[in-house]
Every structure is written in C-alpha cells, then in structure tokens.
Amino acid sequence: MADTDTPVAGTKVLETFAEEFEIGSRKITLETGKIARFANGSVILAMEETKVLSTVASSKGDAIRDFLPLTVDYQEKQFAQSVIPTTYMRREGAPKERELLCGRLIDRPIRPLFPHGFYHEVQVMASVLSSDGKQDPDILAANASSAALMLSDIPWGGPIGVIRIGRISGQFVVNPSMEELSISDLNLVYACTRDKTLMIDVQAREISEKDLEAALRLAHPEAVKYLDPQIRLAAKAGKQKKEYKLSMVSEKTFEKIQNLAKEPIEAVFTDPTYGKFERGEALEKITQDVKRALEEEGDEEGLKILPKTVDTVRKQVVRRRIISEGLRVDGRCLDEVRPLYCEAGNLPVLHGSAIFSRGDTQVLCTVTLGAPGDAQRLDSLVGPSSKRFMLHYSFPPFCTNEVGKRTGLNRREVGHGTLAEKALLAVLPPEDDFPYAVRINSEVMASDGSTSMATVCGGSMALMDSGIPVREHVAGLSIGLVSEVDPSTGEIKDYRLLTDILGLEDHLGDMDFKIAGTRNGVTAIQLDIKPAGIPLDIICESLDPALKGRLQILEHMEREISAPRIQDNIYSPRLVTSKYSNDALRRLIGPVGALKRKIEDETGARISVSDGTLTIIAKNQSVMEKVQEKVDFIIGREIEIGGVYKGIVVSVKEYGAFVEFNGGQQGLLHISELSHDPVSKVSDVVSVGQQLSLMCIGQDVRGNINLSLKATLPRPKSKTDISVDEPVAPTSQEVNVWAAIEDVSNELENQGATVGPETNDSTLKSATPAVLIRSAAECDEEEKSDALNLKGDNGSQSASKSEKKTRIPSSLSESGFSSRSAKKSKRSKDAILDLISDDESEQKHTPEVCLHSQIGSDKDDATSETPMSANKLKLGMRVTAKVHQIRALGLVLDLGGGIRGMYRFEPGMKRDFEVGDELRVKCSSFSTKGIPVLSLVKEE
C-alpha cells in the first residue's frame, strides 16, 4: 500500500460568532462557538484583557416542585492572574464571600424573567478566564450570563444589561476601572431590560437622593446598550426555544380552592390584633380545613397544588385591601414606621453592644476591636488584599421559631451582612486616624421583615457605644410595592408604596427596596423584585418616603446615644503601636512564631508585627500591662531617665544588686537607692529572683544604667516638731559614711554653719548625698582636659545645706549592659581592693569602681600634701606606689588617694615583693574596665 493511503488527521474548524461594541469608551466583545460547545449556552465576554466564560444548562426532567431551582455559581480561579493558590493543597477551596456575592449579583436580575410555572432545574456557571486587574469581572459575568441564556433553548424573558456607574469629583463615570473606583464616592450597579429596572446595588459616601436619581437615570440608557449585541448574537448562533412543561394550575381547581379559603383568609387579615405567629397559625388552620375538604372529594390535583394555590389566594386578598382600601396587615398607614426600641451598651463587658427593635424584628449587635493584623485577608482577583471592617450577619432558626441546622457560609447571610457593612463603612474614620480592625456581629433575635436594615441601625449604635469616632448615625428601612397590572398589556395601572414592610408584605408584595443612609445622604441600597421589571419612575419615587422614615429612626437612635462614648472604663480596649528594629521583632516572634503565639495564648491579647512596627491590642488595660511587661522583658524598649521598668534581681552584692530588665539588659541597683532610709545590708531589702519596679535615674558616658527603687517609693514625711531640749550628738560621731572623705570636712562645716545647735542625730543621718548625673557635654569637656576617657570627682562639687552630691559612675560587665554609679559604703575601701585584685574571670561579673570612683580614704590619705586623684593620672606619668596585695598573676598597687592599679608579673622575673614595698611605676595603659595598668621604672 502506498504511503499516500495512510489516514491523516484533518483540521477541525470551530465556527465562532462574535459581536463587538463600545460602552463608556471601552471595547467589549461577545463570542461563542469556540469553547464549551456542549453547554446549552456559552459565551465569552471580554473587556480589554479581562475575559469571563458563562455557561448555562437545564434539566429535562418533570420533577414535581412549586419553585424555580435556579443555581448561579461564580468562580475566580487563581490561574486567571497567573498565580498558584497558597492553600496547602494548592487548589481553590469552598466559594469565598466575594464569589457568593457575585453569584447573587447575577441571580437577582435574571430570576424574575423566567416564565411562571417553569420549575425545571437551571444552573448558570460563570468563570473568570483571565484578569488584568483593571476591570471588576462581576459586571462582565452578569452580561455574559444573560447572553448565554439568550443562546440556549431555555425559555427566558431577556436579555438584560448590567452597568456600573461611579462618580469622581462630582462627575459620573461609566464602567469605571478599579483604580477609578478606589477614588469614587459612588459604586452603583444597575440591571434592567429595555424599559424596566430589575436590580440595583449601591455603595456610596452619603450621596443625596437627587444625585442618586440622576445616576440611576444615567445608568439605564447605558445598560440598554448591552441588549442589541446579545439579540444579534442569538440571531446568528442561538438555539430554538423548546417547549418545556409548565406547572400551571387549572382554572377550575383554582376557583374551587379560592371559594373554600378566601373568606376565612380575609377574616384573618382584617383583624390587626393578630401577631406574626398567631396569624400564621390561623392561616395554617385554614389550609388544613381546605385540605380535608379536598380529601373528602378525592381531588388529587387540588391536593398537589394546594399550598401554592392557598398562597396565591392570600396574596390576592392582601394586595386588594392595600390598593383599594389603603389598609395594611397590621393596621398601619402606608407610610408609618413600626414602634422602635433602642438600647446601647447592654453588654458592658464587650467593646460595644446595642439592641435594636422595629416592631417584632429585633437584632443584637456587638463590636469587637482588633489589631491591624486581625483584618480579613481577601484572596480575590481585583480590589484590596484585606479589609479592616467586617460585619457578620447571623440568622439562627430560633428567630422564626423554627428548627434548623447551622451550616457554613449562607448566601443570604453573606448578602445581608455585606449590605449592612457597605452602609456603615461610609461613616468610619480613616485608617490613619483609627488603626483598629473592627468586627460587628449581628445576631437576629426575632425576624419579621428587614433584619438587614435593623442590623444597620443596631450596628451604628454599637459602633458609638464602643467609642469609635464615627461621624454620625446610619439607619435604614425597606420600602415595599404592591401593584395592580393590566392583564392585556402587562403595564402597571395602580400601585402603592409601603414604608417599613413586614415579612409577610415582603413575601406577598412586588419589591423589597432596602435603603440605608445618614441625615446627609444614602450610603447603601439593595433592590430585589419579583415581577419582570419595575418602571424606574416608581423606583425614584420610593426615595422620598425612605428618607422620611429614615429620619424618624435616626431621631430615636440619637436619643439613646448621639455621640461616641468617651469615658474610659475598665473594659475599654487598648491599642499600642511601637517602633523596634527588625532584629528585636524577630526575637519577639520566636521560631515559627512560637513565642508570639505563646504570649497571645497566655494573655488573650493580639500582637501584630509589620516592618519595624509592633502593634498590641488588648481587651482592657490590665491585659495590656501584662503583654507590655512580657514584650519589654523579651526585646525591651528605649531606656529613658525617669522611666519605670520591671526587672528581676539576678545577683546580690555588698554594694547593691544587679537587676535584669528591659529585654535582658542589666542595671545596678546601688545600696543607696534601695530605700529613703539608710540600708546596712542589701539582702535585707531584696533577694535573688525578686521582681521589682525600678526607675532609671541615669546613664554614664559609657552607657551604664543606674536604677533606683526608692525613686518609685513615696518619700517619708519630714519631722518638723524637733524638740530643742533633746541632746545634740557630737558631729564628729555622725560623719556621713556615703561621702568621699575629702568632702566630709566641708560638709560638716556647712552643716554646723547652717543647722546650729538644734540639729539632732536624725538630721545628720539623713544627709545622704544624691547622685549627680552629668550631661554628655560636661563629660566630653572633662575628657578633653584630662586626655583620658575617665571621669573623676575633684571634690569641687557644691554641697547643699543638708546634702553633698557625689558623682560615682561605674562600668558594668563585658556584656555591654550598665549599672548604677556606686556610692561608698562603710567598708567600701576593703571591698573595692578585693574587687580589683580578683582574677579575670571574676572581673567579668563585678563592677570596676577603682579608677572611676571617688573613694573615701582614711584621714591620713585625705590630709596628704599631694594626694593622687583620677583626673591627675595620665599615660606615661611616673608615680611611687605601694604594694597593697600580692596576687598569683601580679600586684595590686596603691597609688594614693584611693586609686588602685595593676602590675602583671613578667615571665621569669623575681617575685620577692612584700606588702608595703614602695615601687617606682609608670602608667602604661588602661584596661577595658578603666583600671590603670602599670609597669616598673628602672632607676638610672
């Protein structure tokens, strides 16, 4: 066989049909025939690089039901923006809130256009194929779904057009981009047929009713531009509409049921004393009576359609009374709002709470504030990545006295919650002024109409009760419509508008027009209808009674709470924002966030970490203090003189205690700073492991930190009733042991000159010198004059009448942390000699105070002719020193004036030194602790 006889795959030709048109300066394309060819109808709608596929399918079965099982699914998969999902399975999961809301946006305008009696299952699926982030795909999906229904064989009264209108700087914008929408004060989605309105959804920043009407009248002709391209595409590629079986009621059966039920139903609806449940029980009894009558007659057809037919009779009775007599079910006037009840702060432990009741409808709203990190993360193709304001609406079965099972996200609950969220968002303060994340929970306690608008009212009061600086209250209510239609033309010949509709009036009426706003304008709107469209004039007419009713509700709300609460109670939440280095924040977070989670679990607070910023939110002040204490202990905070810090005593010495605080830093709590009264033993006041609140009283030029306990304690009252008859103690016996010895004579002279013979021993004992904290400029000045990085006291500091200020800076351990400047104790001289003579390992944990301290010496040292002092000692200076101690590695030399130095033995040298030997030495260097390192001078 020749090679030419081998079968070769042919080229498949996909016949496609397309329509191009332009709306709002944007090119739009409708295309069908290339993909999803087996679907009953499929269309790809593209605007620039954003493309949405919408398909429709219908079951052919004849299942018995009395409603339209229409399902609309909208899905945004991450491949549409070239991203892999971040979930564990790397797949898209259950529908997100945005997907549910977009599905409702498509469902609401297409549902009224299916013919009466068409109860076959229909599924519409809209999927985003690609997104450039410039356009919101929801409008494209709605129009694509309309085009897909037009191409299918399903009976449907379309097409429809859906348009978005924005307003920037007072100018309306058709089909605004996402960037334009972010600065717009209006987000209006409008759906319509050629001459009637089907659906309205609005989010606005207090737009006036006049401007809103202008936006609606602009949106209608723009939305109509979508209709002709769909009709042309259906003419080219659409299927012939099939004859589906419609579930219609025979006229004979309907008249039989009407004759049995009409009079009893009228008797129930003419009695305004019936409540919701009493009325429902009476109507159910009528249905059971009719059922028994049909069973006696053996009317099987009537029994099958009984519930739907009785409901139709109810609708006729109620609508006729409203239109002809102007009488409503509960006896109210057409424009009357039900009685109101408002209560704010009913749950004082919470951040904010409120109860709002309108008639039998009641909601409980609570407000919870959180850290910025508590904001909800949004994983959508367009729009912001998170939102800090959340409103969660819950409709439990008990609110209608029913038994039910709570499941996951409910489309109705998500939709009602989002509507209330839009209404309140307009009055929230900017994020820069109010960084909290805010969550409102709306729990419906009883439902008899407009629970979403009751949520708006209750949520507004709860926001004010929580202290959030909202500009003003937001209220909402629902406007209903009952119309009489001419059967021959289908036009409305008479109608009545109802203010604040009941649940029954919503069920039996034509329209549920929810409008929320402030005194200044509208913030949110949602319009749902049952007939196949309502004239726009009637919609605009509804705005006026909505405003009047809204003002009545606002007045009641303002009587209960008219401004955000400002009192600071124990339950008020706290938020603190601090700046730290990223290294410090990493220490706080810990491995895989374990340390941060541990703090949150132990305290109940929330910690949010971003680049260099730490935000803590606690439900009250006590929790905030606990969290800050833990955070300060881990990473610390900037140390300020006068700041109070909590620390733990890690070691106790004779001269004071070392305290670990502020993220592991150490400071010295000197014995003189333990109490206002003299303390002879440190361990009498503090012990290792004890937690203290200490004040930072200074830092020396090396950054060493000095702490004080007595600065946090109340100062004892001074005695003013000193008896002159008490014996006066000799001043020579009351020498101030804390002062340097060379200052004692001047101090005593000053005391003797100013106090006089009436001074007793308690007066002298209280003359404890304070610590002098020098400025950096003074320290630099002295360093230049001494050519050393040392600071000493020349005894030139002035003394007050009862106090001698002494500067005693000291350095701490090699860890870089600091201690309080040590003052001279009774045994300071011997203690310091021991410290200097310790080996290297001991010096790492002991403060060196020999060179940097002005140490009291005995009277012989104080009266020598040329005493050595710290500021006189310079590199290369030759002095005569005495051997004070002999150590294993060297000598401790006494340079005079309380100054001690070190001499290290040289390898192989003789070590025949004795205590008291005089040596000629030279200052060759200083150790890292500031201790003079000396070398022997060979005599010439």
Does any non-hydrogen side-chain atom of [Y] lie less than 4.5 Å from one of [X]?
X: S542; Y: M511; answer: yes
X: T613; Y: V609; answer: no
X: H392; Y: M390; answer: yes
X: R108; Y: D201; answer: yes
X: R358; Y: D500; answer: yes
X: C540; Y: R217; answer: yes
X: M199; Y: I529; answer: no
X: L188; Y: L216; answer: yes

Check side-chain hydrogen bond (donor to acceptor under 3.5 Å, both in side chains) between K96 and all other residues, then give those that pass, not counting sequence neighbours.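 Once residues adjacent in sequence are excluded, K96 has no partner under the side-chain hydrogen bond (donor to acceptor under 3.5 Å, both in side chains) criterion.
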Listed by chain and number, what are the side-chain hydrogen bond (donor to acceptor under 3.5 Å, both in side chains) partners of D510, not counting sequence neighbours?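 Per chain and number, D510 pairs via side-chain hydrogen bond (donor to acceptor under 3.5 Å, both in side chains) with R319, S483.
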Sequence-distant partners of E92, salt bridge (charged side-chain N to carboxylate O under 4.0 Å, His left out), two or more places apart: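 Checked E92 against salt bridge (charged side-chain N to carboxylate O under 4.0 Å, His left out); zero matches.
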Cut-off 3.5 Å, side chains only: do [X] and [Y] have a donor facing an acceptor?
X: T499; Y: D335; answer: no
X: T523; Y: K422; answer: no
X: N175; Y: Q135; answer: no
X: T455; Y: S442; answer: yes
X: S460; Y: H473; answer: yes
X: D528; Y: Q526; answer: yes
X: D512; Y: S478; answer: yes

Worked check of salt bridge (Lys or Arg N to Asp or Glu O under 4.0 Å) between D544 and K548: CA-CA 7 Å; D544 184 56; K548 293 179 181 178; 3.5 Å; yes
I need the I553 CD1 to C457 SG distance, nearest 0.5 Å.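 Going from the CD1 atom of I553 to the SG atom of C457 covers 5.0 Å.
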CD1 of I515 to CD1 of I525: how many Å apart, nearest 0.5 Å?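 Nearest 0.5 Å value for the CD1-CD1 distance: 5.0 Å.
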If you look at every heavy atom in [X] and [Y], which pair is closest and at what distance?
X: A618; Y: V623; answer: CB-CG1, 3.6 Å
X: I106; Y: A142; answer: CG1-CA, 3.9 Å
X: V382; Y: S131; answer: CG1-OG, 4.0 Å
X: H351; Y: L369; answer: ND1-N, 2.9 Å
X: A423; Y: A516; answer: CB-CB, 3.7 Å
X: A219; Y: I165; answer: CB-CG1, 3.7 Å

Salt bridge present between [X] and [Y] (N-O < 4.0 angstrom):
X: K134; Y: E49; result: no
X: R606; Y: D374; result: yes
X: D107; Y: R411; result: no
X: E48; Y: R26; result: yes
X: E222; Y: R164; result: no
X: D138; Y: R104; result: no

Using the side chain to side chain contact (heavy atoms under 4.5 Å, CB included) rule, pick out the option among L585, L595, L614 that qualifies with I607.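 Option passing the side chain to side chain contact (heavy atoms under 4.5 Å, CB included) with I607: L614.
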Going by the side chain to side chain contact (heavy atoms under 4.5 Å, CB included) test, name the single residue among T518, L463, L424 that passes it with V470.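 Single pass found, and it is L463.
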Going by the angle between their ring planes, with limits at 30° and 60°, are Y190 and H220 parallel, tilted or perpendicular?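 It falls in the perpendicular class, over 60°.
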For R559, does the CZ atom sit with more than 12 other heavy atoms under 6.0 Å from it, leaving out its own atoms?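 Atom CZ in R559 is packed in, count exceeds 12.
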Which one of K630, K626, R597 satisfies the salt bridge (Lys or Arg N to Asp or Glu O under 4.0 Å) criterion with E602?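 Among K630, K626, R597, the one meeting salt bridge (Lys or Arg N to Asp or Glu O under 4.0 Å) with E602 is K630.
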Would a distance-only check, ignoring hydrogens and angles, find a side-chain to backbone donor-acceptor pair under 3.5 Å from [X] to [Y]?
X: E560; Y: A344; answer: yes
X: D185; Y: R205; answer: no
X: R332; Y: E336; answer: yes
X: E343; Y: I355; answer: no
X: T418; Y: V414; answer: yes
X: R471; Y: A426; answer: yes
X: H416; Y: S452; answer: no

For T361, check side-chain contact (heavy atoms from CB on, under 4.5 Å) against everything at least two apart and list the hits.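 Scan of T361 (side-chain contact (heavy atoms from CB on, under 4.5 Å), adjacent residues dropped) gives R338, D448, T451, A454.
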If the condition is side-chain contact (heavy atoms from CB on, under 4.5 Å), which residues does S208 pass it with, not counting sequence neighbours?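 Here the qualifying residues are K210, D211.
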Can you list the steps and then say if R519 with E206 is a salt bridge (Lys or Arg N to Asp or Glu O under 4.0 Å)? CA-CA 9 Å; R519 292 184 178 274; E206 298 179 282; over 6 Å; no
Pairs involving residues 369-390, ordered by first then second residue, that meet ring-ring contact (aromatic ring centres under 6.0 Å, His included) (sequence neighbours left out):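 Of all non-adjacent pairs touching residues 369-390, none passes ring-ring contact (aromatic ring centres under 6.0 Å, His included).
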Using side-chain hydrogen bond (donor to acceptor under 3.5 Å, both in side chains), reason through N441 and T366 one step at a time and then give a plain yes or no. CA-CA 5 Å; N441 270 86; T366 62; 4.6 Å; no
Starting from the C-alpha separation in whole Å, work towards a yes-or-no answer on side chain to side chain contact (heavy atoms under 4.5 Å, CB included) for I160 and I110. CA-CA 8 Å; I160 67 170; I110 67 175; 3.8 Å; yes
Dump the intermediate steps for salt bridge (Lys or Arg N to Asp or Glu O under 4.0 Å) on E76 and R98, then the final yes or no. CA-CA 9 Å; E76 293 180 345; R98 172 176 162 79; 2.8 Å; yes
Could you walk me through whether K77 and E99 satisfy the salt bridge (Lys or Arg N to Asp or Glu O under 4.0 Å) test, starting with their C-alpha distance in whole Å, then the side-chain angles of each, then the deciding distance to 0.1 Å, before giving a yes or no? CA-CA 10 Å; K77 290 193 173 182; E99 292 174 325; over 6 Å; no
